[in-house]
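I have placed the structure first, in the form of structure tokens, so that the comments after it can refer back to it.
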Amino acid sequence: MRISRIAGVILVLLFADITSALAQDKWSLQRCVDYALQNNLQVKQQEIQRRLSELTLRQSKLGMIPSVNAGLNGSYSQGRNPSPLTNTYVTQSLTGVDGSLSVSADIFNWFNRQRTITANKYDLESNSFLLQKARNDLAFNVATAFLQILLNVEQVKVNEVNVEVTKQNLENTKKLVIAGSVPESNQADLEAQLALDSTNLVSAQNQVTLSILQMKAYLNLGFDIPFEPEIPANISSLPIAPLSEMAPEMVYSQALTTYPLVKADLAKIQSAYYIYKANKSTLYPKLSIAGSIGSNYSNGITKNGDRGAPFIYTDTIGVVSNSGVPVTTEKVIFPNQQILKMPFHEQLDLNFQQMARLSLSIPIFNGWQARTNIAKAKLNVETLELTRDIDNQKLKQDIYTAHANAVAALQKYNSSTTGVVAAQKAYDFATKRFNLGLMNTIDYITTQGKLYRAQIEKVSAQYDYIFKMKLLEFYRDQKISL
């Protein structure tokens with residue numbers, strides 16, 4: 001059995017289109033990515049941030065519309081209160097209702113609101129790019145975790161084959177010991193090797209479990225839910241762009257136009273710049289207009305009611321001096337005079353009032369607060385520009401590092417492929433010699449261990465090279481090609 005064939009298994013599933021309905025009981029990469037984008041907690045957090053900035057932008061736009069407010073108040077008081085009729089204090093119980101409607105609007109405020117709206121637009125754009133970055137990073141992390149699962153699965157297969165081969169050799173050795181062809185120590189050596197191979201198998205199986213747990217964390221999938229990666233029966237070689245097409249400067253230049261963090265940094269700078277301009281506008285006068293209407297009612301307001309039929313009587317108020325002639329006057333008497341409470345609708349008409357106001361607010365001195373805010377806003381622009389430069393520098397460093405790692409991974413994969421071929425030949429010759437009794441058990445186990453290590457190194461190098469190349473493609477295109 002040639003274990004080296006296991007090293008030929010590559011990660012085509014990672015980049016394959018899944019069309020069969022029967023695949024839904026297993027997890028393909030595409031299914032993992034789709035599920036993660038809908039359920040990952042970090043992506044949901046970033047989505048909330050984007051929605052918050054969207055609400056902020058909407059509110060700043062609606063702030064351009066005049067403010068309209070209505071008010072309605074009811075009151076009841078008992079005891080000594082000012083009379084609504086005479087405005088003098090009397091002891092009584094009063095019930096009152098008043099209502100108002102007011103409108104206010106800015107006529108001119110040196111474009112403060114418009115600049116704030118523009119700043120909020122850029123802030124929304126920045127959070128949208130950050131959401132895109134979170135989604136892209138998640139897709140790549142899921143792909144990496146998927147790759148790690150498949151690598152660990154392949155290593156389990158290698159360990160299973162080694163355990164099976166050691167078992168077969170142990171069974172043959174037992175027969176030879178019984179026949180007296182080889183010493184009993186050979187059997188003990190193979191039993192120790194079988195224990196070591198079994199331990200390595202358990203460790204490899206545990207690595208599969210751990211990598212699946214990592215995948216479930218990305219998916220926000222219950223840890224008790226079974227997860228089995230979908231591995232197609234026929235696996236072909238994965239097409240990978242040559243390193244000559246992945247020059248670091250070329251990848252970096254392309255990343256500057258596609259990397260969401262770069263775009264988010266630029267949008268943040270623009271948002272901060274317009275916040276700075278909005279703060280500058282607070283140094284200038286602001287013109288606004290306001291108006292209101294209102295009325296009120298109180299049960300303490302009265303009016304004269306029906307006074308009945310009047311009659312006239314003559315009253316003497318004095319006499320003319322020296323003549324004694326009386327001086328009289330006529331008075332009109334209403335014997336049935338009534339005091340009534342003024343009705344609600346009459347009071348609304350009587351107390352109806354209107355107001356219009358045009359105001360000019362001129363900032364003179366407010367503790368240097370406005371100029372301090374302007375200075376802070378300007379420094380914030382400079383800080384974000386430095387953040388952009390730091391992010392771009394790190395992006396360039398990461399790309400150069402990824403390229404260097406890809407070159408090293410390719411070289412390691414090529415050398416490990418050669419090493420497996422050589423180790424396989426050595427193991428085949430050692431098996432023939434061991435079966436003929438021409439090689440002791442220690443040397444045979446050593447040869448078998450070399451083949452085992454070579455196979456593990458080749459599988460690891462193969463997957464590592466795929467990962468490094470896909471990382472470069474991700475920096476260049478910001479997507480996982482399927």
Side-chain angles (χ1 to χ4, degrees), residues 36-70 102-139 255-290 359 361 363 366 369-392 395 478-479:
L37 291 177
Q38 294 179 2
N39 298 277
N40 182 265
L41 299 179
Q42 286 75 20
V43 171
K44 288 184 176 181
Q45 280 185 325
Q46 191 57 51
E47 171 64 24
I48 290 176
Q49 292 301 315
R50 189 198 67 81
R51 290 166 59 188
L52 286 173
S53 59
E54 191 175 44
L55 290 174
T56 301
L57 173 60
R58 180 184 178 187
Q59 189 278 326
S60 62
K61 288 181 176 180
L62 293 176
M64 298 289 292
I65 303 174
S67 298
V68 180
N69 295 285
S102 62
V103 180
S104 62
D106 288 340
I107 297 178
F108 188 70
N109 64 352
W110 294 92
F111 310 108
N112 178 279
R113 292 186 181 273
Q114 293 88 337
R115 289 166 179 170
T116 301
I117 291 173
T118 304
N120 291 336
K121 285 181 180 178
Y122 280 112
D123 186 62
L124 173 59
E125 183 178 338
S126 173
N127 279 287
S128 297
F129 283 129
L130 290 177
L131 175 60
Q132 180 183 345
K133 178 181 181 298
R135 293 171 64 88
N136 290 353
D137 290 347
L138 175 62
L256 289 178
T257 63
T258 60
Y259 199 49
L261 183 58
V262 173
K263 298 179 180 179
D265 286 342
L266 293 176
K268 284 182 179 178
I269 292 173
Q270 289 296 318
S271 176
Y273 173 71
Y274 278 96
I275 289 293
Y276 163 69
K277 295 186 69 175
N279 276 280
K280 287 186 67 175
S281 66
T282 60
L283 294 175
Y284 303 100
K286 181 177 71 172
L287 184 64
S288 60
I289 189 173
S359 60
S361 175
N366 57 1
Q369 182 177 358
R371 292 192 180 275
T372 300
N373 290 338
I374 293 172
K376 287 182 178 179
K378 186 176 181 181
L379 289 176
N380 189 43
V381 174
E382 296 178 8
T383 300
L384 291 175
E385 288 175 343
L386 291 174
T387 301
R388 174 202 58 195
D389 295 340
I390 292 172
D391 289 340
N392 289 352
L395 174 63
Q478 279 298 293
K479 62 182 180 180

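Note that the coordinates shown come from a computational prediction; the quantities given were computed from them, not determined experimentally.
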Among residues two or more places apart or on two chains, list those pairs meeting side-chain hydrogen bond (donor to acceptor under 3.5 Å, both in side chains) that have a residue in residues 117-128. Ser60-Asn120
Is the closest side-chain heavy-atom distance between Gln59 and Leu62 below 4.5 Å? no
Using the side chain to side chain contact (heavy atoms under 4.5 Å, CB included) rule, take Gln114 and Asn109 through it: C-alpha gap first, then chi angles, then the decisive distance, then the call. CA-CA 10 Å; Gln114 293 88 337; Asn109 64 352; 4.2 Å; yes
How would you list all residue pairs meeting salt bridge (Lys or Arg N to Asp or Glu O under 4.0 Å) that involve residues 41-56, not counting sequence neighbours? Glu47-Arg50, Arg50-Glu54
Separation of Ile48 CD1 from Leu131 CG (nearest 0.5 Å): 11.0 Å
Holding to side chain to side chain donor-acceptor pair (under 3.5 Å), I want the full list of residues that pass it with Arg115, two or more places apart in sequence or in another chain. none
Listed partners of Asn112 passing side chain to side chain donor-acceptor pair (under 3.5 Å), at least two apart: Ser281
Distance-only criterion, 3.5 Å: show the donor-acceptor pairs between side-chain atoms of residues 380-391 and protein atoms not counting sequence neighbours.
| unit_1 | atom_1 | unit_2 | atom_2 | d |
| --- | --- | --- | --- | --- |
| Thr383 | OG1 | Leu379 | O | 2.9 |
| Thr387 | OG1 | Thr383 | O | 3.0 |

Quick one: salt bridge (Lys or Arg N to Asp or Glu O under 4.0 Å) pairs with a partner in residues 265-280, sequence neighbours left out? none
Atom CD of Gln46 and atom NZ of Lys133: how far apart are they, to the nearest 0.5 Å? 9.0 Å
Sequence neighbours left out, what passes ring-ring contact (aromatic ring centres under 6.0 Å, His included) with Phe108? Give chain and number order. Trp110, Phe111
Heavy atoms, side chains only, cut-off 4.5 Å: are Leu57 and Lys61 in contact? yes
Using side-chain heavy atoms (C-beta onward) and a distance below 4.5 Å, is Thr282 in contact with Asn373? no
Please enumerate all residues that pass side-chain contact (heavy atoms from CB on, under 4.5 Å) together with Thr258, with sequence neighbours excluded. Gln254, Gln478
Tyr276 vs Ile374 side-chain heavy atoms within contact, under 4.5 Å: yes
If you round to the nearest 0.5 Å, how far is CD1 of Ile117 from OG1 of Thr56? 12.5 Å
Side chain to side chain donor-acceptor pair (under 3.5 Å) with Lys286: which residues, sequence neighbours excluded? none
Might you confirm whether atom OH of Tyr273 has over 12 heavy atoms from other residues, nucleotides or ligands at distances under 6.0 Å? no
From CA spacing to verdict: side chain to side chain contact (heavy atoms under 4.5 Å, CB included), Leu261, Leu130: CA-CA 6 Å; Leu261 183 58; Leu130 290 177; 4.1 Å; yes
Got a sec, which pairs hit salt bridge (Lys or Arg N to Asp or Glu O under 4.0 Å) with one end in residues 104-113, sequence neighbours left out? Asp106-Arg113
Apply side chain to side chain donor-acceptor pair (under 3.5 Å) to Thr372 and list each qualifying residue two or more places apart in sequence or on a separate chain. none
Please enumerate all residues that pass side-chain contact (heavy atoms from CB on, under 4.5 Å) together with Asn40, with sequence neighbours excluded. Gln42, Val43, Leu138
